[in-house]
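Each ligand, and each atom within it, is numbered from 1 in the order the structure gives. Quick caveat, the model's predicted, so the values are computed rather than measured. We're numbering straight along the sequence, starting at 1.
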Amino acid sequence: MKYVIGNWKSNQNLTESLIWIDGIHALKPKFPADIAIILCLPFTDIAAFNHKIADLNIPIITGAQDVSHLAPGKHTGEITANMLGELVSYCIVGHSERRRDFNETSQMVAEKAKLLLENSITPIVCLDLPYLDEQIKELFQNNIDVSRCFFVYEPIAAIGTGHPLDPVEANHTTNQIGFLLDNVAPVLYGGSVTADNVKSFVDQSRIDGVLVGTDSLEPTLFAGIINSLI
Ligand code: PEP
């Protein structure tokens with residue numbers, strides 16, 4: 001199985017998210033049976049989005065983009081894994097934008113992964129070379145079952161820049177990540193993936209799929225990525 005994971009980041013309000021579904025529905029991409037499509041949404045969109053894709057029978061699995069590192073309790077404003085458990089099957093943790101803008105640490109990411117797994121949500125752990133070893137070590141130290149996680153190699157220089165990594169180079173690093181994890185978990189690539197280059201990444205022997213930011217926002221671009229994989 002290969003995976004295409006969309007990450008809308010802080011884009012699309014509720015109305016816009018429902019219009020996006022109409023767009024995908026109209027385009028009728030040929031969802032390949034051996035590729036799972038996961039879309040990580042803003043918290044505010046998830047419930048209504050779930051209802052609408054179920055009504056229209058669109059085979060997209062929903063995810064969140066972050067979760068609190070704290071258990072339920074007196075933490076005003078936090079969205080806990082327990083809350084997300086009723087809504088999503090996946091959740092991104094440790095995206096480099098959260099490390100940059102919210103000072104997230106590898107320890108916090110490990111705590112988030114633990115809480116997600118306790119609530120039957122698959123953590124999608126983002127990694128880049130400067131903190132790759134530290135993050136994986138932190139997961140093991142927190143007794144995280146890495147076989148229940150997904151991992152994404154996301155070189156910061158490739159995110160949102162239109163300059164993707166060379167697929168062979170990306171494959172080399174995903175292979176290294178897989179080795180550090182005893183090859184028990186899927187390892188994906190993320191960074192400026194488009195309909196034109198997605199196949200060159202997904203066809204690599206050690207890349208299990210892609211994480212797509214910018215080109216997940218427009219139905220035509222996202223459908224183009226799905227159709228490129230048929
Ligand atoms: C991302 O933010 O995780 C990402 C991969 O973005 P983009 O596809 O825009 O590079």
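Here the heavy atom of the protein found nearest to atom 1 (C) of ligand 1 is His95 NE2, 3.3 Å. Looking only at protein heavy atoms, the nearest one to atom 2 (O) of ligand 1 is Lys9 NZ, 2.4 Å. Protein heavy atom closest to atom 5 (C) of ligand 1, with residue, atom name and distance, is Glu154 OE2, 3.2 Å. Of all protein heavy atoms, the one closest to atom 9 (O) of ligand 1 is Thr214 OG1, 2.5 Å.
Residue Ile159 has no nitrogen or oxygen atom sitting less than 3.5 Å from a nitrogen or oxygen atom of ligand 1, judged on distance alone. For the pair Gly213 and ligand 1, the shortest N or O to N or O distance falls below 3.5 Å.
Remark: side-chain polar atoms of Tyr189 are paired, donor with acceptor, to backbone N or O of Leu165 under 3.5 angstrom. The backbone N or O of Thr15 lies less than 3.5 Å from a partner atom in the side chain of Asn13, making a donor-acceptor pair.
In this structure, Ala158 is part of the shell of residues with a heavy atom less than 4.0 angstrom from ligand 1.
Atoms NZ and CH2, on Lys52 and Trp20 in that order, are 11.5 Å from each other to the nearest 0.5 Å.
Electrostatic pairing of Asp128 and Arg99 does not count as a salt bridge here, judged by no charged N lying under 4.0 Å from a carboxylate O.
Counting non-hydrogen atoms of neighbouring residues, nucleotides and ligands closer than 6.0 angstrom, the NE2 atom of His51 reaches no more than 12 such neighbours. Other residues, nucleotides and ligands place more than 12 heavy atoms under 6.0 Å from the CZ atom of Phe140.
Residues passing the salt bridge (Lys or Arg N to Asp or Glu O under 4.0 Å) test with Lys9, sequence neighbours excluded: Glu97.
Atoms of ligand 1 found under 4.0 Å from any heavy atom of Gly160 (numbered from 1 in listed order, with element): 7 (P), 9 (O), 10 (O). Shown in contact with Gly191 at under 4.0 Å from a heavy atom are these atoms of ligand 1, numbered in order with element: 5 (C), 10 (O). Contact atoms of ligand 1 toward Ser192: 7 (P), 8 (O), 10 (O) (distance under 4.0 Å to a heavy atom of the residue).
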